[in-house]
Amino acid sequence: MRIRVGHLYPDYLNIYADRGNIAVFAQRAAWRRHELDVTAIGMEDAIVPGTHDLYYVGGGQDREQFLVAENLAAKAAPLIEAVHDGAALLAVCGGYQLLGRGYRGFHGEEMPGVGLLPLETVAGDTRMIGDVLLDTDLGPIAGFENHAGRTKLDPGAQPLGRVVSGFGNDGESGEEGCRLLRAIGTYLHGPLLPRNPRLADWLLAQALAHRTGGEPPVLAPLDDELEAQAQQVSAERARTRGGRSV
Ligand code: GLN
């Protein structure tokens, strides 16, 4: 099966090796004899619901976010339609913030959001930096966060997980990320997926379900020994050093 991935603004939203997440999708798909067909969706490109099974938005500094925010917000209607029609989506940090209703940057810049995820973000005057460990429905998830933005979920919104160590959405709610249908937004970089293969497989299975119109398939298990070790290292760092304000 060919899994069609739409990578939004790869030239702008690409810090902390977020592109490594795409490499993980491609390799884990290939090991199951699926093929990843990645197309960039840039400033000039339209989002056409039905043409991608999985959308990916990486992280960025306020400056890069500011450059794409309006363009992305203008694509809100087809992106929301695509996700409500069953496309999967992963958004990391800067991308996650822009999928909410809006982000006010460190210098007070007002950036419009897509309004897909039920949340809002405002930058505070300290950055929340360090390793993070989460407890989620998809098992433990570990990563690295570096954000000034404080994200508030609307009442009733579903977080990605509960913070075991680290800051999470705002450093006080105990929640991290947001889930809606087959979409996940999170602050976790690192990149996220090499050390969280279960999350990668969950997203791939959701993308395949969109492709076939059926249920998410059960993907053949892989030898994830190295990935498990990577997660343990990250989890241990989060336990000892995560969640300290800089
Ligand atoms: N510029 C945003 C913030 O500081 C996002 C940073 C990021 O993507 N790492 O909150």
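All heavy atoms count here, side chains included; hydrogens, waters and symmetry mates do not. Starting from 1, each residue takes its place in the sequence as its number. As the structure lists them, so they are numbered: ligands from 1, and atoms in each ligand from 1.
- Looking at F25 and L54, their side chains come closer than 4.5 Å, going by heavy atoms from C-beta outward.
- In this structure, the protein non-hydrogen atom closest to atom 1 (N) of ligand 1 is D62 OD1, 2.5 Å.
- With ligand atoms numbered from 1 in the order given, ligand 1 contributes 6 (C), 7 (C), 9 (N) to contacts under 4.0 Å with heavy atoms of N146.
- A side-chain contact (heavy atoms from CB on, under 4.5 Å) with Y96 holds for exactly one of T186, L90, L117; it is L117.
- Taking a cutoff of 4.0 Å between a charged side-chain nitrogen and a carboxylate oxygen, D224 and R195 do not qualify as a salt bridge.
- A salt bridge does not link R4 with D37: every distance from a Lys NZ or Arg NE/NH1/NH2 to an Asp or Glu carboxylate oxygen is 4.0 Å or more.
- With respect to the salt-bridge test (charged N to carboxylate O, under 4.0 angstrom), the residues R237 and D131 qualify.
- Remark: ligand 1 and V92 share no N or O pair separated by less than 3.5 Å (distance only, no angle test).
- Within ligand 1, the atoms closer than 4.0 Å to a non-hydrogen atom of G149 are 3 (C), 10 (O), numbered from 1 in the order shown.
- Inter-residue side-chain proximity for P140 and Q231 is flagged as met; some heavy-atom pair is nearer than 4.5 Å.
- Closest protein heavy atom to atom 2 (C) of ligand 1: Q65 OE1, 3.2 Å.
- Judged by the shortest distance from any of its heavy atoms, Q97 lies inside the 4.0 Å radius around the atoms of ligand 1.
- At the top of the distance list for atom 7 (C) of ligand 1, counting protein heavy atoms only, stands C93 SG, 2.7 Å.
- Atoms of ligand 1 found under 4.0 Å from any heavy atom of Y103 (numbered from 1 in listed order, with element): 1 (N), 2 (C), 3 (C), 4 (O), 10 (O).
- Of the protein's heavy atoms, G60 O, 3.3 Å lies nearest to atom 5 (C) of ligand 1.
- Ligand 1 has no N or O atom lying under 3.5 Å from any N or O atom of Q61, backbone or side chain.
- Residue-level proximity to ligand 1 for T121 is absent, since no heavy atom of it falls below 4.0 angstrom.
- Using a 3.5 Å distance cut-off with no hydrogens or angles, the side chains of E225 and Q229 do pair a donor with an acceptor.
- Considering backbone and side-chain atoms together, G59 places no N or O closer than 3.5 Å to any N or O of ligand 1.
- A salt bridge does not link R150 to E120: none of the charged side-chain nitrogens sits closer than 4.0 Å to a carboxylate oxygen.
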